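Note sheet for the following structure.
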Amino acid sequence: MLDTTTVMAGAAVLAGGTYAMRLGGPALRARLGESERVDALIDVAATVVLVAVMVTTAFTQAGGFSGVARSAGVILACVLAWYRVPFLVVILAAAGLTAGLRLLGIA
Amino acid sequence: MAMRSIWRTLPPSQLRAVLLVSLAVGLTAVSYGATSVAAGLPLWVPPVLAIMVLAGSAEFLFVGILAGGGGIVAAVAAAILVNARHLPYGMATRHLVGTGPKRLLGAHLMNDESVVLGLGQRDPAVARAAYWAAGIGVAVCWPLGTVAGVALGNLVGDTHAIGLDAMFPAIVAGLVMPVLRAGKGRGPALVGGALALAVTPFVPAGVAPLLALLALLTHRRSARA
């Protein structure tokens with residue numbers, strides 16, 4: 001394992017870099033000027049990123065398939081949420097299906 | 001945004017969503033703290049990262065690379081790459097983050113959960129309240145859960161058994177589906193999601209969601225037609 005100073009320095013750089021990107025987005029948007037078309041496109045961009053994060057964490061694990069249990073749980077969440085089922089039910093159903101499948105020996 | 005006005009502005013259904021999201025994040029943090037310590041990392045590392053970085057997937061990766069014997073430069077670079085998605089998030093949430101000194105805190109509260117909750121609201125005041133409430137909930141529960149996980153260590157059982165790993169994508173799905181149903185960027189989101197899945201095996205972590213942005217090209221063409 002690395003020494004404390006190295007890990008601390010790495011953590012500080014990671015924290016600083018992450019914070020800079022969090023602060024940089026609003027600043028970058030401000031530079032583009034007021035425009036409804038740009039706003040609409042940026043809203044879609046954020047949605048695209050969120051959906052991409054959702055599907056990759058749902059269906060992949062370390063570059064491979066995440067397994068049937070998690071995938072089925074998240075697909076169920078997508079369907080239920082699409083039909084406006086209450087959020088709490090969506091989340092519990094997803095976790096419940098995933099846990100249930102694993103209990104049955106389906107990874 | 002003052003705490004009082006957050007609670008006053010937020011509808012009960014959104015408040016419940018924030019509490020549930022915070023609880024799920026806290027449980028994930030317990031698992032994160034426990035596995036980090038089990039991997040042999042010093043006890044102070046996970047809680048310090050949880051407060052200063054406040055971005056779960058990047059922290060998991062950072063800790064995983066170090067625990068696997070990887071170098072510090074590789075760990076930092078990989079984790080920063082995973083966090084690059086905050087740049088497009090920040091562009092979309094400029095009005096939620098706030099202005100002046102407030103934005104210095106507002107920006108730190110930016111994560112998948114606060115962004116998706118904020119973008120899902122129609123009313124600007126409710127959107128701000130949802131963003132801040134989710135941001136504060138995560139900022140409190142992620143470090144607290146991490147400390148609990150570090151303290152409990154091996155006592156934490158297999159969180160896969162309760163389907164905890166399905167909860168984060170399910171939360172995002174539960175909050176983003178209403179946005180897609182309203183017709184905002186449904187086409188690009190589908191194309192982008194498929195693109196992200198297709199490239200995931202071949203690119204470093206965090207790159208797939210950024211490459212998904214290529215799907216915006218389909219949006220522009222349909223907007224012109």
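Here the structure is a predicted model, which is why all the values come from computation and not from measurement. Chain letters run A, B, ... following the sequence lines, proteins first and then strands; every chain starts at 1.
- Of all heavy-atom pairs spanning A81(A) and G174(B), the tightest one is CB-CA, 3.7 Å.
- With rounding to the nearest 0.5 Å, the separation of CE in M21(A) from CG in L81(B) is 8.5 Å.
- Using non-hydrogen atoms only and a strict 4.5 Å limit, the part of residues 67-78 of chain A facing chain B consists of R70(A), V74(A), A77(A), C78(A).
- In this structure, chain A has heavy atoms under 4.5 Å from both the backbone and the side chain of L104(B).
- Using non-hydrogen atoms only and a strict 4.5 Å limit, the part of residues 44-51 of chain A facing chain B consists of V44(A), A45(A), A46(A), T47(A), V48(A), V49(A), L50(A), V51(A).
- The distance from the OG1 atom of T18(A) to the CG atom of N83(B) is 4.0 Å, given to the nearest 0.5 Å.
- With chain A as partner, the option from M52(B), E59(B), M110(B) having the largest number of non-hydrogen pairs under 4.5 angstrom is M110(B).
- Contact between M91(B) and G25(A) at its shortest, heavy atoms only, is CG-O, 3.3 Å.
- Between chain A and the options G185(B), P178(B), A170(B), the largest number of non-hydrogen pairs under 4.5 Å is found for A170(B).
- In terms of heavy-atom pairs under 4.5 angstrom with chain A, the leader among L210(B), V73(B), L175(B), V179(B) is L175(B).
- Note on A208(B), A24(B), A196(B), A166(B): by heavy-atom pairs under 4.5 Å with chain A, the leading option is A166(B).
- Contact annotation for L32(A): only side-chain heavy atoms (C-beta onward) come within less than 4.5 Å of a heavy atom of chain B.
- With respect to chain B, the highest number of heavy-atom pairs below 4.5 Å among L23(A), T98(A), V90(A), T57(A) belongs to T57(A).
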Full working for salt bridge (charged side-chain N to carboxylate O under 4.0 Å, His left out) between D165(B) and R102(A): CA-CA 12 Å; D165(B) 55 314; R102(A) 289 197 179 126; 2.8 Å; yes
F168(B) and V53(A): CA distance, side-chain angles, deciding distance, side-chain contact (heavy atoms from CB on, under 4.5 Å) verdict: CA-CA 10 Å; F168(B) 169 71; V53(A) 167; 3.9 Å; yes
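- Across A92(B), G163(B), P169(B), the residue that shares the most heavy-atom pairs under 4.5 angstrom with chain A is P169(B).
- Taken from CZ in F87(A) to CE in M177(B), the straight-line distance is 12.5 Å, to the nearest 0.5 Å.
- When each of P201(B), G192(B), S57(B) is scored by its heavy-atom pairs under 4.5 Å with chain A, the top score falls to P201(B).
- Using a 4.5 Å cut-off between heavy atoms, Y83(A) touches chain B through backbone and side chain atoms alike.
- G10(A) approaches V76(B) most closely through the heavy-atom pair O-CG2, 3.5 Å.
- The ring-ring contact (aromatic ring centres under 6.0 Å, His included) contacts involving residues 35-77 of chain B comprise Y32(B)-F60(B), where partners must be two or more places apart or lie in separate chains.
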Check against side-chain contact (heavy atoms from CB on, under 4.5 Å), R16(B) and L88(A): CA-CA 8 Å; R16(B) 277 198 298 274; L88(A) 178 70; 6.0 Å; no
Verdict with supporting geometry, I42(A) and Y89(B), side-chain contact (heavy atoms from CB on, under 4.5 Å): CA-CA 9 Å; I42(A) 287 172; Y89(B) 282 170; over 6 Å; no
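- In this structure, chain B has a heavy atom under 4.5 Å from the side chain of T60(A), while its backbone stays farther away.
- Contact record, G193(B) with V55(A): O-CG2, 3.6 Å, taken as the closest heavy-atom pair.
- Interatomic distance, CG of L103(A) versus CD1 of I162(B), reported as 13.0 Å (0.5 Å rounding).
- Atom CZ of R22(A) and atom CG of L87(B) lie 12.0 Å apart (nearest 0.5 Å).
- Comparing P26(A), G24(A), A93(A), A11(A) by how many heavy-atom pairs each has under 4.5 Å with chain B, the most go to P26(A).
- Evaluation of the salt bridge (Lys or Arg N to Asp or Glu O under 4.0 Å) rule for E34(A) yields R94(B) as partners, not counting sequence neighbours.
- Side-chain N or O atoms of Y19(A) include none that pairs as donor or acceptor with a backbone N or O of A107(B) at under 3.5 Å.
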